[in-house]
Amino acid sequence: MRRLLPLLLLTLSLASPARADMHITRDHGGYIEEYKARYQHVRDTHQRVIIDGICNSACTLVFGIVPLNKICVTPRASIGVHEAYYDKSFTFGIKVTSLEGTSELMSYYPDPLKDWIRRNGGLTTEMKKIKNGAELWKIVDPCPDAW
């Protein structure tokens with residue numbers, strides 16, 4: 001029995017799930033509820049998020065759900081924000097904004113992102129982008145080499 005215990009412990013340790021980082025490289029957004037669920041899972045499993053490209057629209061909910069100390073941006077990172085709107089397949093292809101959805105987005109955003117949005121005219125139907133650099137680093141840290 002004593003010989004089996006170390007083997008059993010080794011087997012169990014190999015079977016446990018490994019923590020993985022989430023890499024965002026080209027995410028143009030989608031449904032708010034789907035992103036909330038995705039990022040809550042990332043937060044609850046203590047994953048890190050590396051933004052290494054485009055993170056637009058609902059993708060930016062990551063900043064309000066995952067702790068900011070678990071998120072970083074690479075030199076290729078950019079984020080884009082706009083007002084929430086209803087699925088255009090239900091509005092005959094017309095972009096109809098959602099005050100409720102926009103309010104919900106803003107409720108998740110951390111203060112530095114809210115401040116940037118206010119300084120840049122608020123959320124509108126047009127995408128407002130922040131490219132990697134000083135403006136983005138006021139919201140989230142650049143990735144350390146170790147990540």
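None of these values were measured; they are calculated from a predicted model.
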Do Tyr39 and Ile71 come close enough that some side-chain heavy atom pair is under 4.5 Å? no

If you apply the rule side chain to side chain donor-acceptor pair (under 3.5 Å), what do you find for Thr125 with His82, and how did you get there? CA-CA 6 Å; Thr125 57; His82 62 82; over 6 Å; no

Under the 3.5 angstrom rule, does the side chain of Asn132 hit a backbone N or O of Thr74 as a donor-acceptor pair? yes

Show the numbers, then the answer: is there a side-chain contact (heavy atoms from CB on, under 4.5 Å) between Glu33 and Glu104? CA-CA 11 Å; Glu33 292 304 318; Glu104 183 174 12; 3.8 Å; yes

So do the side chains of Tyr85 and Thr102 get within less than 4.5 Å of each other, counting heavy atoms only? no

Which heavy atom of Ala84 sits nearest a heavy atom of Ile32, and at what distance? CB-CD1, 4.3 Å

Using ring pair (Phe, Tyr, Trp, His ring centres under 6.0 Å) as the criterion, list what pairs up with Tyr86, not counting sequence neighbours. none

Determine whether a donor-acceptor pair (N or O, by modelled atom type, separation under 3.5 Å) exists between the side chain of Lys128 and the backbone of Gly122. yes

Please give me the minimum heavy-atom distance between Gly64 and Pro110, naming the atom from each residue. N-CD, 4.2 Å

Does a side-chain heavy-atom distance below 4.5 Å link Phe63 with Ile51? yes

Under 4.5 Å between side-chain heavy atoms, counting indirect links through other Ile/Leu/Val/Met/Phe/Trp/Tyr residues: same cluster for Leu68 and Val42 or not? yes

For Thr124 and Glu126, test the side chains for any donor-to-acceptor distance below 3.5 angstrom and give the result as yes or no. no

Are any of the side-chain heavy atoms of Pro67 and Arg43 separated by less than 4.5 Å? yes

Lys131, NZ: over 12 other non-hydrogen atoms inside 6.0 angstrom: no

For the student: nearest non-hydrogen atoms of Ser107 and Lys114, plus distance: O-NZ, 4.4 Å

Just to verify, which of Val81, Leu113, Ile117 counts as forming a side-chain contact (heavy atoms from CB on, under 4.5 Å) with Met106? Ile117

Side-chain touch Trp137/Val73, heavy atoms, less than 4.5 angstrom: yes

Are Ile54 and Ile139 connected, step by step, through hydrophobic side chains (Ile, Leu, Val, Met, Phe, Trp, Tyr) whose heavy atoms are closer than 4.5 Å? no

Taking everything shown except Arg119 itself, do over 12 heavy atoms lie less than 6.0 Å from its CZ? yes

